[in-house]
Amino acid sequence: MNKGNIRYVFLLGESSMTKELEKENLQTKDIILGSFRDTYNNLTYKTLMSFQWATKHCKNAQFVMKTDDDVYVHIPGLKRVIKDNADALKTAVGGSCYRVANPVRDKGSKYYASFESYQEKTYPGYCSGTGYVTTLNVITKIVKISKEVPFFHLEDVYVALCINKIGLRLHPIIGFMLAYDFGNCKNNDQTLVTIHQVSVIMLRRIWEVPCTPS
């Protein structure tokens, strides 16, 4: 049951599976369904939906993490970096962050941004949407300022735009998007937080195959 000190919910938009998901949620009560199509270009809507939900239903939460469905989250590592970066996260979003980034103008790219959608030459940095963590206080401020920030389809950049507008910052944290070491539990606990592009088979292996303590 979802009753631990780390709670989780699954974020989904509308799809051919919506009715089945609604039935599943009657039992699991861990799915948030949005009234938009579940597509890559709607990730900003999905992320804001999750932030709005958290501010309404998780008022006692100290920290909030957003992550993708192809990411493995190493819970001991997550707890470690939250503890080590607790003060910084009061006014920042932390993860695999880039101080400056350039918009991709190649129409064939997944990350394409037209000049109409984003006219500046650079982004104000961003923390990779594959996984980032912050406090509920920061999430609340993002939700509030989002009413003044024009929609942009790349959700991690959009969050950074909100952060920039309210004068908060991005906080790089080592451990996001690293490789899992099956042979060294101690190394995982000291360095690992998330792994990106993890297949279902890989996830099962991580959960089922114990690593060897050094």
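Heads up: numbering here begins at 1 and tracks the sequence.
At least one donor-acceptor pair under 3.5 Å links the side chain of Thr28 to the backbone N or O of Glu24. For Ser117 (side chain) and Ala113 (main-chain N/O), no donor-acceptor pair under 3.5 Å exists by modelled atom type. Using a distance-only test at 3.5 Å, with no hydrogens or angles considered, no donor-acceptor pair links the side chain of Asp156 to the main chain of Tyr126. Looking only at distances, a side-chain donor or acceptor of Asp106 sits under 3.5 Å from a matching main-chain atom of Gly108.
Linking Ile, Leu, Val, Met, Phe, Trp and Tyr whenever their side-chain heavy atoms come within less than 4.5 Å leaves Met202 and Val73 in two separate clusters. Cluster annotation: Tyr98 and Leu43 are assigned to the same hydrophobic cluster (Ile/Leu/Val/Met/Phe/Trp/Tyr, side-chain heavy-atom contacts under 4.5 Å, transitive). Residue Val157 is grouped with residue Val93 when hydrophobic side chains (ILVMFWY) are merged at heavy-atom distances under 4.5 angstrom, including chains of intermediate members. The hydrophobic clustering, which links ILVMFWY residues whose side-chain heavy atoms are closer than 4.5 Å, places Leu192 and Val198 together. Cluster annotation: Trp53 is not connected to Val143 through the hydrophobic network of ILVMFWY side chains, with a link wherever side-chain heavy atoms come within less than 4.5 Å.
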Output, in order, the C-alpha distance, side-chain angles, deciding distance and verdict of salt bridge (charged side-chain N to carboxylate O under 4.0 Å, His left out) for Lys46 and Asp38.
CA-CA 8 Å; Lys46 185 181 289 188; Asp38 200 322; 3.0 Å; yes

Under the side-chain contact (heavy atoms from CB on, under 4.5 Å) criterion, do Leu33 and Glu14 qualify, and how do the steps go?
CA-CA 7 Å; Leu33 287 169; Glu14 295 177 343; over 6 Å; no

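At a threshold of 4.5 Å between non-hydrogen side-chain atoms, the residues Asn102 and Thr122 count as touching. Taking the side chain as every heavy atom from C-beta outward, Arg105 and Phe115 approach each other to under 4.5 Å. Between Phe51 and Val159 the shortest side-chain heavy-atom distance falls below 4.5 Å. No side-chain heavy atom of Tyr111 sits under 4.5 Å from any side-chain heavy atom of Pro103. Counting heavy atoms from C-beta outward, Thr44 and Leu48 have side chains that approach closer than 4.5 Å.
We find the CD1-CD distance between Ile195 and Gln197 to be 11.5 Å, quoted to the nearest 0.5 Å. Atom-to-atom distance recorded for Asp30:CG and Asn25:CG is 6.5 Å, nearest 0.5 angstrom. Rounded to the nearest 0.5 Å, atoms CD (Glu20) and OG (Ser15) are 8.5 Å apart. In this structure, Glu22 CD and Leu12 CG are separated by 11.0 Å, a value rounded to the nearest 0.5 Å. Distance check: Glu208 CD to Leu203 CG gives 10.5 Å after rounding to the nearest 0.5 Å.
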Let me check something: any side-chain donor-acceptor pairs from residues 160-167 under 3.5 Å, sequence neighbours excluded? List them with distances.
none

Using distance only, find each side-chain donor-acceptor pair of residues 131-142 under 3.5 Å and give its atom names and separation, not counting sequence neighbours.
residue, atom, partner, partner atom, Å
Tyr132, OH, Glu155, OE1, 3.1
Thr134, OG1, Ala92, O, 2.6
Thr135, OG1, Leu89, O, 3.2
Thr135, OG1, Val138, N, 3.4
Thr140, OG1, Leu136, O, 2.8

Show me the donor-acceptor pairs within less than 3.5 Å that the side chains of residues 169-183 make with the rest of the protein, sequence neighbours left out.
residue, atom, partner, partner atom, Å
His171, NE2, Asn85, OD1, 2.8
Asp181, OD1, Gly183, N, 2.9
Asp181, OD1, Asn184, N, 3.4

Do any side-chain atoms of residues 74-83 form donor-acceptor pairs under 3.5 angstrom with protein atoms, and if so which ones, sequence neighbours left out?
residue, atom, partner, partner atom, Å
His74, ND1, Tyr72, OH, 3.4
His74, NE2, Asp189, OD1, 3.0
Arg80, NE, Asp189, O, 2.8
Arg80, NH2, Gln190, O, 3.4
Arg80, NH2, Thr191, O, 3.4

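The environment of OH in Tyr40 is crowded: more than 12 heavy-atom neighbours from other residues, nucleotides or ligands sit within 6.0 Å.
Listed by chain and number, the residues in a ring-ring contact (aromatic ring centres under 6.0 Å, His included) with Tyr158 amount to none (sequence neighbours excluded). In this view, Ser128 and Thr130 satisfy the side-chain hydrogen bond (donor to acceptor under 3.5 Å, both in side chains) rule, not counting sequence neighbours.
The ring of Tyr123 has its center closer than 6.0 angstrom to the ring center of Tyr118.
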